[in-house]
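We number each residue from 1, following the sequence as shown.
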Amino acid sequence: MSDLVTRRRCLQLIMGGAVGVSARLYAAPATGPRFLLVFLRGGYDATNVLIPYSSGFYYEARPTIAIARPDPATSSGALALDSNWALAPALRDSIGVLYQQRQAAFVPFAGTPDLSRSHFETQDSIELGQPVPGARDYGSGFLARLHSVLTGANPTEIPAIAFTDALPLSFRGPDPMPNISLRTVGKPPFDDRQVRILSAMYAGHPLEPAVTSGLELRRQVAQTMQQLAEEMRTASRDALSIKGFELEAERMARLMHDSYRIAFVDVGGWDTHVNEGAAQGALASNLTGLGRGLSVFAQSLGAEWKNTVVVVLSEFGRTFRENGNRGTDHGHGSVYWVLGGAISGGRIAGEQQSLERASLFQDRDYPVLNDYRALLGDLFRSMWGLTTEQCAQIFPQTTPARLNLI
């Protein structure tokens with residue numbers, strides 16, 4: 001292996017994928033818009049999250065996994081949001097509370113025109129945010145373009161970060177974009193000996209500044225996370241804490257409160273082909289952890305929650321009908337969540353239609369009536385006061401929607 005290849009692979013480990021750029025923990029402005037994208041990888045079953053309980057066909061199409069209609073006599077079932085839609089019981093005490101506080105909204109019939117129904121193809125399509133159909137530029141993700149539009153010649157003005165093991169496609173672009181996995185909390189990725197070796201390897205090299213700042217970024221994040229973990233242990237008197245996304249959510253909030261303004265995180269485990277469950281089961285368990293984590297995130301931001309917008313999306317929805325394994329298969333349209341302390345929530349937004357067999361896409365799926373690029377473009381325009389031209393740089397050939405969510 002050549003010396004150049006060795007150096008670049010080491011630098012990828014140090015910088016988290018942002019080769020050739022500097023990164024550090026930034027002292028961001030004390031206030032201002034914050035945006036977090038939560039990507040549910042696997043294609044989550046939106047139909048059992050935002051339940052179309054006014055549709056008799058929903059109960060006919062899902063004889064074993066449909067969630068019962070809201071019952072005013074019980075406080076543990078589905079939460080009626082309006083005369084057509086209800087929220088899954090697993091989210092009632094988390095996202096349901098935010099909805100009632102007008103801090104959560106849902107956009108059904110949302111998604112991408114991509115019809116591959118392939119996890120990887122559609123995930124790439126969404127993260128790139130480029131016109132479909134058309135040639136793909138894998139070096140230009142839509143969050144990277146947003147960052148470039150907002151910062152221009154000063155990419156450190158609005159710091160961005162991915163809370164992931166590897167830099168996501170949505171952050172690929174010319175600006176410095178660090179990614180940090182929060183699963184190894186408080187554990188530096190390199191010990192002192194390895195740091196000395198890496199520093200010596202790049203001494204006098206043109207990449208030395210990038211290596212030095214990258215190592216310092218990871219040291220500072222590890223230190224911050226270790227301090228937070230200790231605070232949590234002290235507060236809970238050594239009782240077991242809620243694990244998974246819920247734990248990561250508080251750490252993300254700490255970093256976004258202090259240092260970062262645009263962020264990305266992905267959560268796996270949503271490919272429910274078999275034994276999906278209804279009000280209880282595999283999907284409900286995932287939703288419980290996700291909902292609690294998002295609630296923790298909102299609470300941990302404190303007063304800055306009013307400046308924050310969170311969008312939860314997935315590559316596609318699932319088939320409207322259940323399959324022979326009491327699960328659901330790859331679909332098309334989905335339901336997007338929009339959360340935030342100052343959004344115009346407490347409503348179901350976007351273009352809608354009744355859900356009957358005749359209205360399904362290809363007799364199997366939710367249709368896409370609300371293009372995700374138009375939806376996100378509308379949010380970005382409202383959050384940062386972007387012009388039509390700036391929105392077109394982020395999402396070419398797309399006109400932002402008018403959903404009035406902010």
Roughly how far apart are Met383 CE and Leu405 CG, rounded to 0.5 Å? 12.0 Å
Does the Ser125 side chain pair with the main chain of Glu121, one donor and one acceptor, at a distance under 3.5 Å? no
Would you call Asp271 and Arg318 a salt bridge, using N to O less than 4.0 angstrom? yes
Salt bridge Asp378-Arg402, side-chain N to carboxylate O under 4.0 Å: no
Think Arg69 forms a cation-pi with Tyr58, using NZ or CZ under 6.0 Å from the six-ring centre and within 45 degrees of its axis? no
Report the relative orientation of the aromatic rings in His119 and His330; use parallel for angles under 30°, tilted for 30 to 60°, perpendicular for over 60°. perpendicular
Can a donor-acceptor pair be found between the side chains of Gln123 and Arg41 at a distance below 3.5 Å? yes
Ionic contact status for Arg172 with Asp137, cut-off 4.0 Å: no
Over-ring placement of Arg145 relative to Phe142, 6.0 Å and 45° cut-offs: no
Kindly assign one of parallel, tilted or perpendicular to the pair Phe57 and Phe320, based on the angle between their ring planes and the thresholds 30° and 60°. parallel
Give me the atom names and distance for the closest heavy-atom approach of Ile95 to Ser295. N-OG, 4.4 Å
Report yes or no: do Gln103 and Trp305 form a side-chain donor-acceptor pair below 3.5 Å? yes
Taking the six-membered ring for Trp, are Tyr44 and Trp337 parallel (under 30°), tilted (30 to 60°) or perpendicular (over 60°)? perpendicular
Taking the side chain from Glu304 and the backbone from Leu301, do they hold a donor-acceptor pair closer than 3.5 Å? no
